[in-house]
S.K.: 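Below are the structure tokens for one structure; questions will follow.
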Amino acid sequence: MIKSTIWTMKLALMLTIMSSYSVAGEADVVNATATKSGEFYRFSATVAHADEGWDHYANAWRVVTKEGYVLGVRELLHPHENEQPFTRSLSGVSVPEGVTEVIVEARDSVHGWGGKTFEIGLE
């Protein structure tokens, strides 16, 4: 009886500790597009993340070159708990001559930059 009670208490404690950890994971870019207009590009990114409110949500995405040079950042100002995945755009991005491919990556408020990225070939 005592062994059973101790085991039950240990299990309850372990479940309590595990439930306090975030399960949302990192933010993933699941799709992205680039449209050239004159000298600039307009990027749209579709981000998936199990937003958990203000404590853990996808809070930005950015366009970077393969060398890691940041071309533009789209800040996301609120959680998207009821809109998953969601798409947002960023206009007026200048891409240096000779850059033929970029990477779109997302950030969340707990893990920072990470998760799945999306590569786009440019005109």
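Side-chain atoms are counted along with the backbone in the values below, which use heavy atoms only and exclude waters and symmetry mates. Numbers for residues simply follow the sequence, beginning at 1.
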S.K.: Under 3.5 Å, is there a donor-acceptor pair between the side chain of Thr65 and the main chain of Tyr69?
M.R.: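 At least one qualifying donor-acceptor pair exists.
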
S.K.: Rounded to the nearest 0.5 Å, what separation is found between the CG atom of Leu122 and the NZ atom of Lys36?
M.R.: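 The distance works out to 9.0 Å.
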
S.K.: With sequence neighbours excluded, what pairs up with Thr117 under the side chain to side chain contact (heavy atoms under 4.5 Å, CB included) test?
M.R.: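 In terms of side chain to side chain contact (heavy atoms under 4.5 Å, CB included), with neighbours along the sequence ignored, Thr117 is linked to Ile103, Glu105.
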
S.K.: Would a distance-only check, ignoring hydrogens and angles, find a side-chain to backbone donor-acceptor pair under 3.5 Å from His56 to Ser109?
M.R.: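 Side chain of His56 to backbone of Ser109, a donor-acceptor pair under 3.5 Å: no, none is there.
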
S.K.: Once you round to the nearest 0.5 Å, how far does CZ of Phe118 lie from CH2 of Trp61?
M.R.: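 Nearest 0.5 Å value for the CZ-CH2 distance: 12.0 Å.
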
S.K.: Test of understanding: with side-chain hydrogen bond (donor to acceptor under 3.5 Å, both in side chains), list the residues that count as partners of Thr46, not counting sequence neighbours.
M.R.: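 So Thr46 forms a side-chain hydrogen bond (donor to acceptor under 3.5 Å, both in side chains) with Thr87.
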
S.K.: Flag yes if Leu90 and Trp113 sit in one hydrophobic cluster, no otherwise; membership is Ile, Leu, Val, Met, Phe, Trp, Tyr, and two members link when side-chain heavy atoms are under 4.5 Å apart.
M.R.: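 They do not share one cluster, since no chain of ILVMFWY contacts under 4.5 Å joins Leu90 to Trp113.
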
S.K.: Taking all non-hydrogen atoms of both residues, which atom of Val47 and which atom of Ala27 are closest, and how far apart?
M.R.: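 Closest approach of Val47 to Ala27: CG1-CB, 4.2 Å.
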
S.K.: Return the minimal non-hydrogen interatomic distance between Val95 and Val99, and the atom names on each side.
M.R.: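 Result for this residue pair: CG1-CB, 3.7 Å.
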
S.K.: How does the hydrophobic cluster around Trp54 look, that is, which other residues are in it when side-chain heavy atoms under 4.5 Å mark a link?
M.R.: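 Direct or chained contacts put Trp54 with Tyr57.
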
S.K.: Applying ring pair (Phe, Tyr, Trp, His ring centres under 6.0 Å), name anything that partners Phe86, two or more places apart in sequence or on another chain.
M.R.: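 Per chain and number, Phe86 pairs via ring pair (Phe, Tyr, Trp, His ring centres under 6.0 Å) with His80.
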
S.K.: Does the side chain of Val104 reach to within under 4.5 Å of the side chain of Ile120, using non-hydrogen atoms?
M.R.: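 The answer is yes; the side chains approach within 4.5 Å.
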
S.K.: For Arg42, what residues pass the salt bridge (Lys or Arg N to Asp or Glu O under 4.0 Å) criterion, not counting sequence neighbours?
M.R.: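 By the salt bridge (Lys or Arg N to Asp or Glu O under 4.0 Å) rule, Arg42 matches no residue at all.
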
S.K.: Linking directly or through intermediates, with side-chain heavy atoms under 4.5 Å: list the remaining ILVMFWY members grouped with Val30, chain and number order.
M.R.: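 The other cluster members (ILVMFWY side chains, heavy atoms under 4.5 Å, direct or chained): none.
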
S.K.: If Ile, Leu, Val, Met, Phe, Trp and Tyr residues are connected whenever their side-chain heavy atoms lie under 4.5 Å apart, and connections chain through other members, are Val63 and Phe40 in the same group?
M.R.: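 Each belongs to a different hydrophobic cluster.
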
S.K.: Calculate, to the nearest 0.5 Å, the distance between atoms OH and OG belonging to Tyr41 and Ser94 respectively.
M.R.: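 Answer rounded to 0.5 Å: 10.0 Å.
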
S.K.: Identify each donor-acceptor pair in which a side-chain atom of residues 70-79 lies under 3.5 Å from a protein atom, sequence neighbours left out, and give them as a table.
M.R.:
from, atom 1, to, atom 2, distance (Å)
Arg74, NH1, Ser89, O, 2.5
Glu75, OE1, Arg107, NH2, 2.8

S.K.: With sequence neighbours left out, which residue pairs that include part of residues 64-73 fulfil the salt bridge (Lys or Arg N to Asp or Glu O under 4.0 Å) condition?
M.R.: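 Counting only pairs at least two positions apart or across chains, the salt bridge (Lys or Arg N to Asp or Glu O under 4.0 Å) contacts touching residues 64-73 are Lys66-Glu101, Lys66-Glu119.
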
S.K.: Mind checking side chain to side chain contact (heavy atoms under 4.5 Å, CB included) for Lys116 and listing every partner two or more places apart, or none if nothing turns up?
M.R.: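 Lys116: side chain to side chain contact (heavy atoms under 4.5 Å, CB included) contacts with Asp28.
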
S.K.: How would you list, by chain and number, every residue that makes a side chain to side chain contact (heavy atoms under 4.5 Å, CB included) with Asp55, sequence neighbours excluded?
M.R.: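 Once residues adjacent in sequence are excluded, Asp55 has no partner under the side chain to side chain contact (heavy atoms under 4.5 Å, CB included) criterion.
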
